[in-house]
Q: 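Below you'll find the structure I mean.
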Amino acid sequence: VQLQASGGGLVQAGGSLRLSCAASGFTRPTYVISWFRQAPGKEREGVSCFSSSDRSTYLAPSVKGRFTISKDNAKDTVYLQMDSLGPEDTGVYYCAAKELFGNYYCNPYSLERMSYWGRGTQVTVGT
């Protein structure tokens with residue numbers, strides 16, 4: 001499985017960015033693609049996930065109401081739409097994935113034990 005994250009950049013507080021995670025190589029029909037971020041000097045934080053089996057999503061409390069995760073089936077790409085950005089959203093954003101069996105509903109535990117990781121994309125939010 002290969003993952004390619006893109007779309008990061010510099011934006012002023014209150015602005016928006018859309019990150020993309022282009023995925024390929026899945027061998028099972030059920031998989032989860034998640035977004036993580038890591039700010040300088042802080043631990044990596046799980047932000048959001050998308051399940052291919054039922055298109056369920058999960059957003060961490062820190063971003064709920066401001067971020068949206070979605071998937072374009074035609075392009076096999078997962079997007080993270082980030083609105084109302086603040087300096088606390090600054091960090092390197094990574095997309096990650098894991099394959100599963102059967103139906104799977106995204107939940108906070110979905111962010112654990114990811115199998116595949118893409119290279120990060122930097123998001124910087126100015127004041």
Q: Give a yes-or-no answer on whether the side chains of Ser62 and Glu45 include a donor-acceptor pair shorter than 3.5 Å.
A: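 The answer is yes; a qualifying pair exists.
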Q: Please examine the side chains of Trp117 and Leu3, heavy atoms only from C-beta on, and report whether any two atoms are closer than 4.5 Å.
A: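 No, every pair of side-chain atoms sits at 4.5 Å or beyond.
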Q: Using the ring of Phe50 (Phe, Tyr or Trp, six-membered ring only), decide whether Arg55 places NZ or CZ under 6.0 Å from its centre and within 45 degrees of its axis.
A: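 So Arg55 doesn't make the cation-pi contact.
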Q: Looking at Arg37, is its backbone amide N or carbonyl O close enough to the side chain of Arg44 to form a donor-acceptor pair, meaning the two atoms are under 3.5 Å apart?
A: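 Not confirmed, Arg44 side chain does not pair with Arg37 backbone.
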Q: Taking Ser51 for its side chain and Tyr104 for its backbone only, find out whether a donor-acceptor pair lies under 3.5 Å.
A: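 Yes.
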Q: Is it true that Val125 and Tyr94 fall in one hydrophobic cluster, defined by side-chain heavy atoms closer than 4.5 Å?
A: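 No, separate clusters.
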Q: Determine, using ring centers only, whether Phe26 and Tyr31 are less than 6.0 Å apart.
A: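 Yes, they do, as the ring centres are separated by less than 6.0 Å.
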Q: Could you name each residue pair satisfying salt bridge (Lys or Arg N to Asp or Glu O under 4.0 Å) that touches residues 111-127, not counting sequence neighbours?
A: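 For residues 111-127: none.
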Q: Does a side-chain heavy-atom distance below 4.5 Å link Tyr58 with Asn107?
A: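 No, their side chains stay 4.5 Å or more apart.
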Q: Do Leu100 and Thr30 touch side chain to side chain, with heavy atoms closer than 4.5 Å?
A: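 SC-SC contact between Leu100 and Thr30 confirmed.
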Q: When rounded to the nearest 0.5 angstrom, what distance separates CD1 in Ile69 from CE in Met82?
A: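 Atom-to-atom, Ile69:CD1 and Met82:CE are 11.5 Å apart.
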Q: Are Val1 and Leu111 connected, step by step, through hydrophobic side chains (Ile, Leu, Val, Met, Phe, Trp, Tyr) whose heavy atoms are closer than 4.5 Å?
A: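 Not linked; separate clusters.
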Q: Taking salt bridge (charged side-chain N to carboxylate O under 4.0 Å, His left out) as the test, write out the residues that go with Glu88, two or more places apart.
A: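 Scan of Glu88 (salt bridge (charged side-chain N to carboxylate O under 4.0 Å, His left out), adjacent residues dropped) gives none.
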Q: Quiz question: by atom type and distance under 3.5 Å, do the side chains of Asp72 and Thr77 form a donor-acceptor pair?
A: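 Short answer, no.
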Q: Taking only residues at least two apart or on different chains, which pairs with a member in residues 75-127 satisfy disulfide (SG to SG under 2.5 Å)?
A: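 Every disulfide (SG to SG under 2.5 Å) pair that includes a residue of residues 75-127, provided the two are not neighbours, is Cys21-Cys95, Cys49-Cys106.
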Q: May I ask you to check whether Gln81 and Ser70 show a side-chain donor-acceptor distance below 3.5 Å?
A: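 Ser70 and Gln81 do not have a side-chain donor-acceptor pair below 3.5 Å.
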